[in-house]
Every structure is written in structure tokens, then in C-alpha cells.
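Input: a single structure, listed below in C-alpha cells.
A note on names: the letters A, B, ... follow the listed sequences, proteins ahead of strands, and every chain is numbered from 1. Bear in mind that the values here come from a model prediction, so they are computed numbers and not experimental data.
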Amino acid sequence: MLDDIDLTSLRQGNRSQWEQFVDCSAPLLATVIRKTLQGAGVDDSATSDLLQDVYLRLCRDDFSALARYNPKRSRLSTWLAVIARNITVDYLRRKRPEPVELDWNVSGHSDCFQEERLEISFQDLPPRQMLIMRMLYEKDMDVREVADFMGISEQTVRSGRHKAINKLRRIYKKRKTKGMKG
Amino acid sequence: MRKEKEKTLHQKVHSDAELWKQVSIIPDKSTDCPDSEIFSAWLDGRLTGAEQQRMEAHLCCCPRCFQAARSLRQIMEAPAEHIPCSLESIHALVPSWKNRQEEREVSSGWWTGTPAAVRAVLVTLSLLLIVAGSLYLGGRTALEQRQFQRVLMSELSFGLDDYHAFVPAG
């Protein structure tokens, strides 16, 4: 098990701990690398090279990267997965220098209401409610997917959506009324 | 007239989706993209309240980080796949690093860290200095002795003549 690895001993050069570390983490890291490559539309033939790059990065300079892992903040597997993904994304950027523009909007805003844009900030709507709304209405994710993504219950997602909608309607009505008065 | 206008505007946004379509979010530019520690802490649900809020605000405004987060969530939940290569070469990374660590420990002092050729030159110079110093000091001592004898003899000879005048030699 990855959590049983003695990282202190490993960083001192204990080979058996290193081999155990590699054997336990390699399947997960290979999966992260492969799926990241596939997600970018690139063939996964570079997976084994990138896997080696990950371990090279971890043991370089007397395991200085591995020394930065804080077990109180996350599981080792999660931290390693993030590292592996970062390395894969760096590889993709080098391979494909033109930035792929990412946009939140899937379907785009309707042109009919261009003149009635409702500008809101995180003072108007808390970040959690804003994120729930974006995922539900821009990424077309369902309640369960949003709950899984955010690590919260489906009920919390529905409650957040309900509150956000009510708040937005109040803001919308208030601003429109103010606009018409002026 | 105003009531009719209000009604018309309200009718345009009768659905939640249409209401959201009119929203334009003013981005919060104060938060940078999270580092690996924050990102992995978020994935494991270990952020503090304030950190969680900052992270959610950032995910709202940064499509790149949102995609990374979504991708990692899905991957971590999926079963791990097979390894595409042998791990022997990765296992072998450690001995080379371990040897370098041992070499670094050995060469940590100023003398042991000096190259062998330099050490040889230093030793030779030291020996030469010792020999030269000894010769110098020895020679100086001998010179001083001779000078002292000359002085002494000159003193003594004056005294000896007088002495022999009174005390016959023999």
C-alpha cells in the first residue's frame, strides 16, 4: 500500500522502499498520464516515457520534490496524481505550443439578451453557488455529477441552485427596476 | 406603461437557464492557480473553509483549472489500468542516487574534498618548507656560534695574553 511507504527511509536511498513505492504508484500514475493524453486527443505512446519522467522528477536532487509532500494535506496517491498530470500537461504544451482556448460556455449566451447582461460578482453570489450554476447550466452536468465533482451531497447541490436562482431573480428585478426609474 | 414593461422583461427570463444565460460573471483575479498541495488537498476534501471558498471562486473563473480538477476527479474514481512498461529501469534510479549521496558524505571535508593531485603538491611544498626551514635555522645557529666565538676569542685573546703573562703556558 502506498500509504505504508516509509518516505523518510526512501529519501535516504532505501532501495526496497523505492521499489515498493514505484510498484504501488505506477498503475495510478500510468492511468493519469494515459487519460490526460487521450483527453487532449494525443496518442498515448508517450505514457512510459512520461512515467519515467515523473519518477525522475521525484528523485532528482535527493528527492527534493518528494520532500515537499505534506501528508496532512492530502493522500500520497492524490498528490502524485496531480504531479503526474502537471508533467503530462507540460509535455502537451511543448508538443503543441499553440494554446487551446478553453471556454466555460458550452452553448454560448443567447444574443437576444445582449443588452440585458446581468453582471454579478462573488459579492452577489457566493463562489459555491456560482460554481454550481456554471456546472449545471454551462457544462450541462447533472446534479449527481456536480455533487461528485464538488465532494458534496446532491441535496446540497439542489439547495445551492435554488438559493442562487432566487438571489439572481431578486438582483435582476432590482436592477431592472432601477434602470427603468432612471 | 411601466408595469407592462416590467412584465415583458420578466417574461423574457421565465426559465432558470435563460436567466443564467444573461449572467456575466465579474472574475475574481486575486487568486492565482493553486499549487499541487492545494489542488490535492481540495481533491481529498482537506481544505480549510477560506481555502475552499478561494478554490471554488478560482474554479469558477479558470477553465484550465476546472478541466484539470474534473479530469483528476474522474481518473481518481476510475480503476487503475495496467502499466505500459517494465519498472526495472525506474527501480534502478535509486542506486545511482544513493552512490552519489555516499560520495557527497565522503567528500564533505576540505581535505578529502580536494583533488588528489592538489593534495600531492601541498604535501611536497610542506615538506620542502620544513626542510628549508630546518636548514635555515641550523645554518643561522652555526653562524651565530662562529660570530660568538670570534667575539669571545678576541676578548679572550686579550685576556689570555695577560693571563699567559702571569701564568706560563704549559
Among the options A:Ala164, A:Pro27, A:Ala30, pick out the one with the most heavy-atom pairs lying under 4.5 Å from chain B. A:Pro27

Does A:Glu19 form a side chain to side chain contact (heavy atoms under 4.5 Å, CB included) with B:Leu87? I'd like the steps, not just the answer. CA-CA 9 Å; A:Glu19 289 179 3; B:Leu87 299 177; over 6 Å; no

Rounding to 0.5 Å, atoms OG1 (A:Thr78) and CZ (B:Arg46) come to a distance of 7.5 Å

A:Phe149 ring center within less than 6.0 Å of B:Trp42 ring center: yes

For A:Lys167, I'd like to know if atom NZ has over 12 heavy atoms of other residues, nucleotides or ligands within 6.0 Å. yes

If two hydrophobic side chains count as joined below 4.5 Å and joins carry through other members, does A:Leu56 share a cluster with A:Leu66? yes

Going only through I, L, V, M, F, W and Y residues with side-chain contacts under 4.5 Å, is there a path from A:Ile83 to A:Val89? no

Sequence neighbours excluded, which residues qualify as ring-ring contact (aromatic ring centres under 6.0 Å, His included) partners of B:Phe39? none

If you take all heavy atoms of B:Ser24 and A:Arg117, which pair is closest and at what distance? CB-NH2, 3.8 Å

How close do A:Arg73 and B:Ile38 get, counting heavy atoms only, and between which atoms? NH2-CD1, 3.2 Å

Please classify the contact of B:Gln74 with chain A as side chain, backbone, both or neither, using a heavy-atom distance under 4.5 Å. neither

Tell me, side chain or backbone of B:Ser71 under 4.5 Å from chain A's heavy atoms, or both, or neither? side chain

Hey, does B:Leu59 have a side-chain heavy atom less than 4.5 Å from the side chain of A:Met130? no

Side chain to side chain contact (heavy atoms under 4.5 Å, CB included) between A:Tyr172 and B:Val23: does it pass, once the steps are laid out? CA-CA 9 Å; A:Tyr172 184 83; B:Val23 165; over 6 Å; no

With a 4.5 Å heavy-atom cut-off, do B:Phe66 and A:Arg134 have their side chains touching? no

Within the structure provided, determine whether B:Ile25 and A:Leu125 are in side-chain contact (heavy-atom separation under 4.5 Å). no

Taking the side chain as every heavy atom from C-beta outward, state whether A:Asp148 and B:Arg73 have any pair of such atoms under 4.5 Å apart. no

With a 4.5 angstrom heavy-atom cut-off, which part of B:Arg70 approaches chain A: side chain, backbone, both or neither? both

Pick one of side chain, backbone, both or neither for A:Met141, based on which atoms fall under 4.5 Å of a heavy atom in chain B. side chain

Would A:Leu168 end up clustered with B:Ile26 when hydrophobic side chains under 4.5 Å apart are linked, directly or stepwise? no

Using only non-hydrogen atoms and a strict under-4.5 angstrom cutoff, which residues of residues 37-48 of chain A touch chain B? A:Thr47, A:Ser48

Let me check something: any side-chain donor-acceptor pairs from residues 3-10 of chain A under 3.5 Å, sequence neighbours excluded? List them with distances.
residue: A:Asp6; atom: OD1; partner: A:Thr8; partner atom: N; Å: 3.2
residue: A:Asp6; atom: OD1; partner: A:Ser9; partner atom: N; Å: 3.3
residue: A:Ser9; atom: OG; partner: A:Asn14; partner atom: ND2; Å: 2.9

Whether B:Trp20 side chain and A:Ile165 backbone form a donor-acceptor pair below 3.5 Å: no

Under 4.5 Å to a heavy atom of chain B? For A:Arg161 that would be neither

Closest non-hydrogen atoms of A:Ala81 and B:Leu72, given as atom of the first, atom of the second and distance, are O-CD2, 3.8 Å

Closest non-hydrogen contact found for B:Cys60 with A:Phe122 is CB-CZ, 3.8 Å

So which residue, A:Lys72, A:Gln52, A:Arg85, ends up with the most heavy-atom pairs under 4.5 Å with chain B? A:Arg85

Option that, when pairs with chain A are counted at under 4.5 Å, heavy atom only, ranks first among B:Glu56, B:Glu77, B:Gln53: B:Glu56

Residues at least two apart in sequence or cross-chain that pass ring-ring contact (aromatic ring centres under 6.0 Å, His included) with A:Tyr69, listed by chain then number, are A:Trp79

A:Arg68 side chain near B:Glu37 side chain, heavy-atom distance below 4.5 Å: no

In Å and rounded to the nearest 0.5 Å, what is the CD to NZ distance from A:Glu138 to B:Lys21? 11.0 Å

For A:Val82 and B:Ser40, the nearest pair of non-hydrogen atoms, with its separation, is CG2-CB, 4.0 Å

Residue pair B:Ala41 / A:Ser74: nearest heavy atoms and the distance that separates them: N-CB, 4.0 Å

Going through the checks in order, is the side chain to side chain contact (heavy atoms under 4.5 Å, CB included) test met by B:Asp16 and A:Arg169? CA-CA 9 Å; B:Asp16 297 344; A:Arg169 288 195 182 277; 3.3 Å; yes

Rounded to the nearest 0.5 Å, how far apart are CD of B:Glu18 and OH of A:Tyr137? 11.5 Å

